[in-house]
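Index from 1, following the sequence. Hydrogens, waters and symmetry mates are skipped; everything else that's a heavy atom, side chains included, is used.
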Amino acid sequence: FPTWKRSWARRARESQMKRFCRAQAIQRRLEEIEVTFRELEQQGIKLEKLLRDENESLADQQTQWTNQLLYLVQKKNNLMTEESDLMIAVQELKLEEQQCQLDEKLRSYMNKEDTLKTPEDEKAEKEILKQLVEVVNKRNVLIQLQEEKRLSEL
């Protein structure tokens with residue numbers, strides 16, 4: 001087994017582990033966001049009830065509750081934005097994994113001697129290359145989407 005193949009295989013495993021760790025971190029954060037959504041929803045319900053039920057309370061109190069409600073809405077919107085970013089990151093990770101798998105298949109065909117390749121091998125190599133280009137284009141679209149989103153937030 002040549003050294004370059006071992007080092008390539010090691011790098012592929014390392015990048016796969018990094019993707020796996022990133023995916024786990026994203027999943028944990030999405031779960032945290034879901035819990036926070038529920039908490040914010042409960043707080044919002046309580047504040048809405050206070051605002052509707054306490055017609056005779058002081059205007060100061062009502063203003064404070066309204067401000068708290070607006071703060072909760074703002075916090076929820078921020079979490080929704082973060083959740084959207086994380087979902088894009090999940091899609092990007094899936095495409096990255098798919099790209100690595102296709103790249104590995106393509107390498108196996110490309111490492112084969114041209115004289116030993118069957119017409120089926122050549123057809124499969126072209127198909128894999130086509131799929132690889134599609135995945136790269138999809139990743140590019142996601143990156144452009146993230147960039148547009150970032151610019152619109154500024």
Side-chain angles (χ1 to χ4, degrees), residues 1 3-55 57-111 124-154:
F1 215 57
T3 305
W4 69 269
K5 283 186 179 181
R6 281 191 304 248
S7 63
W8 184 83
R10 187 184 72 247
R11 281 194 302 270
R13 279 191 310 274
E14 287 172 356
S15 69
Q16 186 176 21
M17 282 303 298
K18 285 180 185 177
R19 283 191 303 276
F20 179 72
C21 290
R22 274 182 56 206
Q24 281 184 322
I26 289 171
Q27 185 60 40
R28 271 193 308 272
R29 183 62 187 140
L30 285 171
E31 289 168 1
E32 290 170 1
I33 288 173
E34 188 63 35
V35 169
T36 307
F37 272 152
R38 280 190 238 117
E39 291 171 357
L40 291 174
E41 190 70 30
Q42 291 302 317
Q43 291 174 10
I45 290 169
K46 287 178 187 175
L47 285 171
E48 281 184 49
K49 284 181 182 178
L50 286 172
L51 282 169
R52 288 189 180 136
D53 295 342
E54 299 294 329
N55 291 333
S57 65
L58 298 173
D60 252 4
Q61 187 68 42
Q62 285 187 341
T63 304
Q64 185 181 2
W65 290 335
T66 304
N67 287 339
Q68 287 176 351
L69 191 60
L70 290 174
Y71 173 74
L72 292 178
V73 170
Q74 182 183 21
K75 206 170 175 184
K76 187 173 179 182
N77 287 341
N78 290 341
L79 286 173
M80 288 176 70
T81 301
E82 184 181 355
E83 183 181 41
S84 170
D85 291 343
L86 290 173
M87 294 308 289
I88 291 172
V90 166
Q91 290 174 341
E92 193 174 351
L93 280 173
K94 285 179 183 177
L95 290 172
E96 194 175 322
E97 179 66 28
Q98 192 177 359
Q99 182 179 347
C100 286
Q101 291 171 356
L102 289 170
D103 191 40
E104 193 174 316
K105 286 180 186 177
L106 186 62
R107 282 180 190 271
S108 69
Y109 282 111
M110 292 178 88
N111 287 335
E125 184 178 344
K126 287 179 183 176
E127 181 61 31
I128 291 170
L129 187 58
K130 180 182 167 192
Q131 291 174 356
L132 191 58
V133 169
E134 288 174 8
V135 168
V136 168
N137 287 336
K138 287 178 184 177
R139 286 185 69 193
N140 188 41
V141 166
L142 281 178
I143 290 169
Q144 287 176 346
L145 178 69
Q146 284 177 319
E147 185 63 19
E148 288 172 9
K149 191 174 178 184
R150 186 187 67 80
L151 290 175
S152 71
E153 289 174 0
L154 292 177

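By the side chain to side chain donor-acceptor pair (under 3.5 Å) test, Arg38 pairs with no residue at all, sequence neighbours left out. Applying the side chain to side chain contact (heavy atoms under 4.5 Å, CB included) test to Tyr71 and every residue at least two apart in sequence or in another chain returns Gln74, Lys75. Shown here are the salt bridge (Lys or Arg N to Asp or Glu O under 4.0 Å) partners of Lys76, two or more places apart in sequence or in another chain: Glu41. Judged as a side chain to side chain donor-acceptor pair (under 3.5 Å), and not counting sequence neighbours, the contacts of Glu31 are Gln27. Scanning for side chain to side chain contact (heavy atoms under 4.5 Å, CB included) contacts around Gln42 gives Ile45, with sequence neighbours left out. Among residues two or more places apart in sequence or in another chain, the salt bridge (Lys or Arg N to Asp or Glu O under 4.0 Å) test is passed with Glu92 by none. In this structure Asn140 satisfies the side chain to side chain contact (heavy atoms under 4.5 Å, CB included) test together with Gln144, sequence neighbours excluded. Remark: Glu39 engages no residue in a salt bridge (Lys or Arg N to Asp or Glu O under 4.0 Å) (not counting sequence neighbours). Taking the salt bridge (Lys or Arg N to Asp or Glu O under 4.0 Å) definition, one finds that Glu32 meets it with Arg29, sequence neighbours left out. A search for side chain to side chain contact (heavy atoms under 4.5 Å, CB included) contacts involving Ser7 returns Arg10, Arg11, not counting sequence neighbours. Partners of Asp85 according to the side chain to side chain donor-acceptor pair (under 3.5 Å) rule, which considers only residues two or more places apart in sequence or in another chain, are Lys149.
Between the side chain of Ser84 and the backbone N or O of Met80, no donor-acceptor pair lies under 3.5 Å.
Put simply, the side chain of Glu97 reaches to within 4.5 Å of the side chain of Gln101, judged on heavy atoms. Two residues are said to be in side-chain contact when any heavy atoms from C-beta on lie closer than 4.5 Å; Gln43 and Leu69 fail this criterion. For the pair Asp103/Ile128, no side-chain contact is recorded, criterion being any heavy-atom separation below 4.5 Å from C-beta on. Within the 4.5 Å cutoff, the side chain of Trp65 has no heavy atoms near those of the Glu48 side chain.
Ionic pairing of Glu104 and Arg107 is not present here: no N-O contact between side-chain nitrogen and carboxylate oxygen is shorter than 4.0 angstrom.
Atoms CG and CG, on Leu72 and Asn77 in that order, are 11.0 Å from each other to the nearest 0.5 Å. With rounding to the nearest 0.5 Å, the separation of NZ in Lys126 from CG in Leu106 is 13.0 Å. The distance from the CD atom of Gln62 to the CG atom of Leu47 is 12.0 Å, given to the nearest 0.5 Å. Within the model, atoms CG of Leu129 and NZ of Lys105 stand 13.5 Å from one another, a figure rounded to the nearest 0.5 Å. Once rounded to the nearest 0.5 Å, the distance linking CG of Leu50 with OG1 of Thr66 reads 10.5 Å. Here the CG-CG distance, from Leu95 to Leu142, works out to 6.0 Å after rounding to the nearest 0.5 Å.
Each of Glu153, Glu148, Glu147 was evaluated against Arg150; a single residue qualifies, Glu147, per the side-chain hydrogen bond (donor to acceptor under 3.5 Å, both in side chains) test.
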> Under the side-chain contact (heavy atoms from CB on, under 4.5 Å) criterion, do Leu86 and Ile33 qualify, and how do the steps go?
Replying inline: CA-CA 11 Å; Leu86 290 173; Ile33 288 173; 3.8 Å; yes

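Across Ile26 and Ala89, no two heavy atoms sit closer than the pair CD1-CB, 3.7 Å.
For residues 127-145, the set of pairs meeting the salt bridge (charged side-chain N to carboxylate O under 4.0 Å, His left out) definition, not counting sequence neighbours, comprises Glu96-Arg139.
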